[in-house]
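Here is the structure we will look at.
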Amino acid sequence: MNKNLESVMGTLIGEQLSAVTFVQDYLQLHFDGPCLTGYLFPVVRVAGDGFQLGESGYRDALCRLIGEAIENVVMQPDQEFCLVFVTGSSITFSLKEEDRNGPEAIMIQDANKETWNV
């Protein structure tokens, strides 16, 4: 079965963030099955505060979202990909060409190990 990206984004809704893995120049957000790899670091918003890589509290803000469920996934092509949590917190990846380190900004792998690049 060949799912499109929109249906894969829908599979993230209701999933809880179970782990955040920091790798040298990218990060992975693990859910109970799916995994999202960000090839650039996202902006994190928690309790009304925004955090970017390099700012004090950035990693703590990401890790504070562990255990929270996704309420919505919003993608604006060539602009941003945003995970919105039930608490109102969010993780937003830029999809702008000038912000990318390579041809894709994120990769989503579903529970069946199928992958989609954005």
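The basis for the numbers below is simple: all heavy atoms, side chains too, and nothing from hydrogens, waters or symmetry mates.
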Looking at [X] and [Y], what are the two nearest heavy atoms and their distance?
X	Y	answer
S18	D32	CB-OD1, 3.5 Å
L12	I70	O-CB, 3.3 Å
C63	F22	SG-CE1, 4.3 Å
L17	H30	CD1-O, 3.4 Å

With no hydrogens and no angle check, is any side-chain donor or acceptor of [X] less than 3.5 Å from a backbone partner on [Y]?
X	Y	value
N112	E114	no
E68	L65	no
S90	T92	no

_Looking only at the side chains, is there a donor atom on one of T37 and Q28 sitting less than 3.5 Å from an acceptor on the other?_
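Yes - a donor-acceptor pair under 3.5 Å links their side chains.
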
*asked:* Please determine whether the number of non-hydrogen atoms from other residues, nucleotides or ligands lying under 6.0 Å from atom CD of Q24 exceeds 12.
replied: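 Not buried by this count: 12 neighbours or fewer within 6.0 Å.
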
*Could you please spell out the steps behind the side chain to side chain contact (heavy atoms under 4.5 Å, CB included) verdict for F93 and D99?*
CA-CA 10 Å; F93 293 89; D99 294 336; over 6 Å; no

*Supply the members, apart from V84, of the Ile/Leu/Val/Met/Phe/Trp/Tyr cluster built from side-chain contacts under 4.5 Å; use none for a lone residue.*
none

*For the residue pair F41 and Y58, categorise the inter-ring angle as parallel (less than 30°), tilted (30 to 60°) or perpendicular (more than 60°).*
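It falls in the perpendicular class, over 60°.
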
